[in-house]
Structures are given as C-alpha cells and as structure tokens.
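Heavy atoms only: backbone and side chains are in, while hydrogens, waters and symmetry mates are out.
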Amino acid sequence: MSTAILTGPPVAGSPLEADLRTLGFDVRIADDAASAAELLAAVPAQERVAVVDPRFVGHLHTLRLALTDPRFPAAAVPGALTAQPGARAALARAVGRIPVGAGTAHLTDVLTDTLTDSLDREVTGVHRVELGSLVATVALTPAQREEAREAVAAVDDEAVRLRTAVKSRDGFFTTYCISPYSRYLARWCARRGLTPNQVTTASLLTALIAAGCAATGTRGGFVAAGFLLLFSFVLDCTDGQLARYSLQYSTMGAWLDATFDRAKEYAYYAGLALGAARGGDDVCALALGAMVLMTCRHVVDFSFNEANHDASANTSPTAALSGKLDSVGWTVWVRRMIVLPIGERWAMIAVLTALTTPRIVFYALLIGCALAACYTTAGRVLRSLTRRARRTDRAAQALADLADSGPLAELIAAGARGRGRTGSYLAPAMAFLSAAVLLVWVIFQDDPMSWLTVGVALCSALLAGAAVSRPLKGALDWLVPPFFRAGEYVTILVLAARADVPGALPAAFGLVAAVAYHHYDTVYRIRGGTGAPPRWLVRATGGHEGRILVVTVLAAALSPSGFTIALTALAVALALLVLIESIRFWVSSQAPAVHDEGEPA
C-alpha cells in the first residue's frame, strides 16, 4: 500500500479520495506544510508517497500516470506529485524548505506545485507527464471546478488509455493488422490481473508449440505452425501494450520480452529445419545462416544506437534527408517495411510456412534480411561519415563491451595501446581484416580443418586486439562489434558444414545460439543501465577470439565425428555458464524500470 497525503480537507462531492484508493493509496489529510512533513516522515522509507491538492480535478488516468508509473523516481501533474523511495529524501528536503508565517501564502496555496518546482531543482528532477487531451488542474473557485469537470467529461480517458497502450512508432503490419485488436486483449488481461511477464511467457510457449508443429514435417503441421506463430506475435504485442496500459514496467520484463523474441524465432528456425529433414530436405545450414544474419543485423542496430544515442552535435545531411522523408506519409511506411521488422518478418515466415516449404521460407528470409541489412547499414555509414559528433566515454565503453574481447585480445591490445589515433578508421579496418582474413581462409581453403587454420585464427586475434587497443570513438567504430560477430558466427557455420557429418550443423546451431544469447544479454544489461556482464564471465567464455581459437583447434585435432561431439559439449557448457549468470543477475537486479513510451495522449 502506498500513501497519498492530501494537503487540506477533501472538497465536497469530489471523487478524488475514491480515485486515490482505486489506485492503491492510503489517503491521509495534512492541515499545512508542517503536518505534511510529519505525515511524510511517518511513511515507511520503502514506500511510494504522493502529495495531492484536494482541489485537484482531472481524469483518473492522469493520476495513474502521475502517481503509479514505476519508471520515474519522481513525477508530477498540476496538483499531484509522487516520489518513489529513491526520491523520498529530496521530497523531505523540499517540504522542510517551505517557510511559515506571514508572506508565504503564495507558496503554500498550491503546495504540490511549489514542491514540484523545488524537486525540479534537485539532481534527479521530476518527470512531468505529457497530458495531451487528458485534464489535470487545481480548481481554485467553483467556476473553475465546473469548467474543469466539463473538460473531464468531454474526454474518454479509457479510450485515451487504450490508444496510448500502443506504440506510436511501429511496423505497418503491427500497426494495422495486430494493434487494432491486441489492445483490447491487453485490457482483458489487465482486468483479470494478468501480468506482462505472464503474457510474454504464454507467447514463448505458443511459439515453441509452433516450432514443434513445424518439426512434424507434415503439411498440416506447417499450417498449424504458421497460425500459431502469428498468434504468438499477437501475444508478443499484447505484453507490451499490457505493460503500458497498466503501467507494469520493469527491467526484467523488458529483458524477458527481448530474449524470448530471439528464443522464439530461433527455436522456430530449428523446428523448420527438423521438419524439412523429416521430408528428406536438409536445410540446417540455411537455418543457421538465417540465425547468424539476424544476430549480426541486430548487433549493427545495437552498436550504432549505443555509439550515437548521447553524441553531441548529432546532425548530418543524411539525417536531415531522413527527417524530410518522414514528413511524407507513405515514405514512412515504405521505409519501415523495407527494414523487415519483426511483424513483417514473422508474417512472411508464417504465411510461407503454411503455403510453401521450409527451404523457400529460409531463402525468402535470407534474401529479405540481407537486403534490409544492406539498406540500414549503408544509411548508418553515410550518417556516420557526414555528421560531426563527439562521442562520449560511455559510448566508447559500450562498444568495447559489445566487442566481447577475451584475454587474448586484451593482451594484444595492451601491447598495441598508444600506436593508433583515436577517432581514425583504424579500428573498423582492423576488425574487418580480422574477420575477412579468417572467413576467406575457411571458405575457400580446400581443407580448413587443419592446423594452418589455427595459425590464421591467431592472426585474426592479433588484428582483433589491435582494433580495440584505443577507445572506440571514431565515426565508424560502431562497426567493430558486428565485424567480430560475423567472423565468429560464420567461422563456426563453415567449419561445421565442411565437417560433413550428421549432427555437426545442429551442434553449431546450438553453439551459435548460446553465444548469441550472451551477446544479446550484454546489450540488454547496457540498455537497462546496469553495465555489461562481469569481466570474469567474458574471460570464462573466452571472448570472441578465444572461442574461434578453441573451435579451430578442435576442428584440426579431432575427427569430424569427434569435432561434432566437442562442439556439442562446448555449446552445452557455454549455454549453462551464460544462462545461470544471466538468470542470477536479472532475478536479483535492482535496475530501474525501463522507459517504453507509448503514443502521447
């Protein structure tokens, strides 16, 4: 139970007290600033507290947004203010600064606004809710109260609540084919006490059942898999809409949603590959290729965003052109569809699964995602080359964490430190060469499963260490992590394919999935503001260059069947290591709730 302090006696006929109790607040009355301070001090430190003017007139959803949103330490609308435990001390100081005596009436007449202004001057500041069409005001006279009540009656706050549960920026398929009805499913879930995490879990289970249906290899199984995959996506949209509708935000919820999305999609790839194998068509290499392409594409997105989200002077002619195109309605949707977001991608996969074969599904997926990756990467390279931006130490550290360099690369980087110029193109050039040298060798060499490949892997590690020897603050340094990911994943794919024994590609699929989970987990920790995984975990997993070296040694030292067994054991060991640490971290994490805004009211 949270506590709401009314800064005066309730107004006759006002639903304010009932609204506050509906939102889970225990309502207490303060006669003046001094008694408000006493009541505030009496509230347990671990509880949220709200200060509300009894003359407040507004929508219930306005109070919900201002007083119950878990994402902000302090939030306010006219006449209402809330502070979570992290901002309680600042609120207590603000109340303590309220003067008493003659000449202070202008400060205490609307005490909530005075406290809000005082908190705004604190380091944390106050989140001021965007009201849009919603109403929140302090009515000082009967005429103002009547006018405010008419304004409240003129706007259906439940309709606003439903509309703002949907993201303002989403794909065409999601916006026009899913969200028009999934928002009502979100409301249905909220009214029955379901949580976003429960809906996220239901979406995962549905996708896993879809993968199982695809694995049957029958036409009926493929049709059922397509329908179930679409329904899983409906639930995937619903969990976020439920979080926004009921304001049940959490960092763990965002992590579950993001990681389950990848688990669902990659499990479905595995199901399709198994179903094709039952029909005599081996598409495991295509399934692994699709997973590698999708993961590398996501790393490009993550790296670019982390490198530039807090950059200063963040402008360029390319960005200006993009802004102009966004002002033309149809170009917005075309550009969103070109990048093949999750809605369009899953719809394509579901329809093609039901109507065609797994091989066609993977061909379409690889071609579509490759074109989308080329489009987005080219645009980002142009932006990076034409903008003049100073990248921060935080951005450089995020890119270093995303690079996932192990002990070997760290040792090489320490020896090369100071020999390059920060901000040049040396880092992405070295990272590109690190991946290119290795991939050209394993792809075009007649026998890549030899000790010569181990020597090439050592040269690749040398180049990788040189790439991260200086802070990654250059215009194109965000390309370093994607180059490393491509080098590692494709090397594993090619060596498993060249082993040419049953089970090698599935073992490689499992290994890449385990490593990709580690990389996704790194991204979500950085996004949640908790930093990258601990260095001991990165060192224990070997870093990208260490894993490449281990895989090439296993390929050279073992027979093809032994190599398959070793890949399987390595996949299991890495999966257990990263999963146990990840689950331990997220279950015990005290990271703040993530920011996931829907459309402003």
Side-chain angles (χ1 to χ4, degrees), residues 1-7 20 23-28 30 33 36-53 61-98 111-130 136 195-197 243-244 246-257 309-310 392 394 397-398 524-532 584-598:
M1 176 72 73
S2 302
T3 299
I5 300 172
L6 290 181
T7 60
L20 290 171
L23 298 178
F25 285 93
D26 177 26
V27 180
R28 302 181 186 182
E38 293 177 359
L39 290 174
L40 178 63
V43 177
Q46 70 274 14
E47 287 188 10
R48 174 195 289 268
V49 66
V51 181
V52 184
D53 194 296
H61 191 49
T62 299
L63 287 174
R64 182 182 290 109
L65 290 170
L67 305 184
T68 67
D69 195 326
R71 297 172 295 170
F72 309 103
V77 293
L81 166 71
T82 186
Q84 294 201 68
R88 285 281 303 276
L91 178 60
R93 290 193 297 269
V95 173
R97 286 194 294 264
I98 299 295
L111 183 60
T112 53
D113 291 353
T114 300
L115 294 176
T116 299
D117 292 338
S118 181
L119 278 180
D120 249 344
R121 292 189 290 270
E122 294 276 347
V123 176
T124 53
V126 178
H127 170 69
R128 295 181 183 266
V129 177
E130 294 184 33
T195 67
N197 289 352
R244 288 183 287 275
S246 58
L247 300 181
Q248 297 183 72
Y249 298 100
S250 70
T251 297
M252 184 174 181
W255 167 69
L256 287 176
D257 183 44
H309 88 283
D310 57 355
T392 64
R394 180 208 172 279
Q397 183 58 53
Y524 303 139
R525 294 196 196 204
I526 294 173
R527 282 184 170 182
T530 57
R584 181 210 63 78
F585 170 79
W586 288 104
V587 169
S588 62
S589 174
Q590 298 300 314
V594 297
H595 295 242
D596 182 22
E597 289 290 350

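In plain terms, the two heavy atoms of Ala136 and Thr62 that are nearest each other are CB-CG2, 3.4 Å. Between Ala4 and Leu20, the shortest heavy-atom distance links the atoms CB-CD1, 4.0 Å. Here the closest heavy-atom approach between residue Arg28 and residue Ala42 is recorded as NH1-CB, 4.4 Å. The nearest pair of heavy atoms linking Ala66 to Val129 is CA-CG2, 3.9 Å.
For Arg128, the salt bridge (Lys or Arg N to Asp or Glu O under 4.0 Å) criterion is met by Asp117, Asp120, not counting sequence neighbours.
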Donor-acceptor pairs under 3.5 angstrom involving side-chain atoms of residues 72-84: please list them, not counting sequence neighbours.
{"unit_1": "Thr82", "atom_1": "OG1", "unit_2": "Arg48", "atom_2": "NH1", "d": "3.1"}
{"unit_1": "Thr82", "atom_1": "OG1", "unit_2": "Val49", "atom_2": "O", "d": "3.2"}
{"unit_1": "Gln84", "atom_1": "NE2", "unit_2": "Pro70", "atom_2": "O", "d": "3.0"}
{"unit_1": "Gln84", "atom_1": "NE2", "unit_2": "Phe72", "atom_2": "O", "d": "2.9"}

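Note that OG1 of Thr3 and CG of Leu39 are 9.0 Å apart. Values are rounded to the nearest 0.5 Å. In this structure, Gln248 CD and Thr68 OG1 are separated by 10.0 Å, a value rounded to the nearest 0.5 Å. Interatomic distance, Leu23 CG to His61 NE2, rounded to the nearest 0.5 Å: 10.5 Å. In this structure, CG on Leu91 lies 9.0 Å from OG1 on Thr116, to the nearest 0.5 angstrom. To the nearest 0.5 Å, the span separating CG on Asn197 from CH2 on Trp255 amounts to 10.0 Å.
A 4.5 Å side-chain heavy-atom check between Ile526 and Arg394 finds at least one atom pair inside the cut-off. Val52 is listed as a side-chain neighbour of Leu67, based on a closest heavy-atom distance under 4.5 Å.
Between the side chain of Arg93 and the backbone N or O of Ser118 there is no donor-acceptor pair closer than 3.5 Å. A donor-acceptor pair under 3.5 Å is formed between the side chain of Arg88 and the backbone N or O of Val43.
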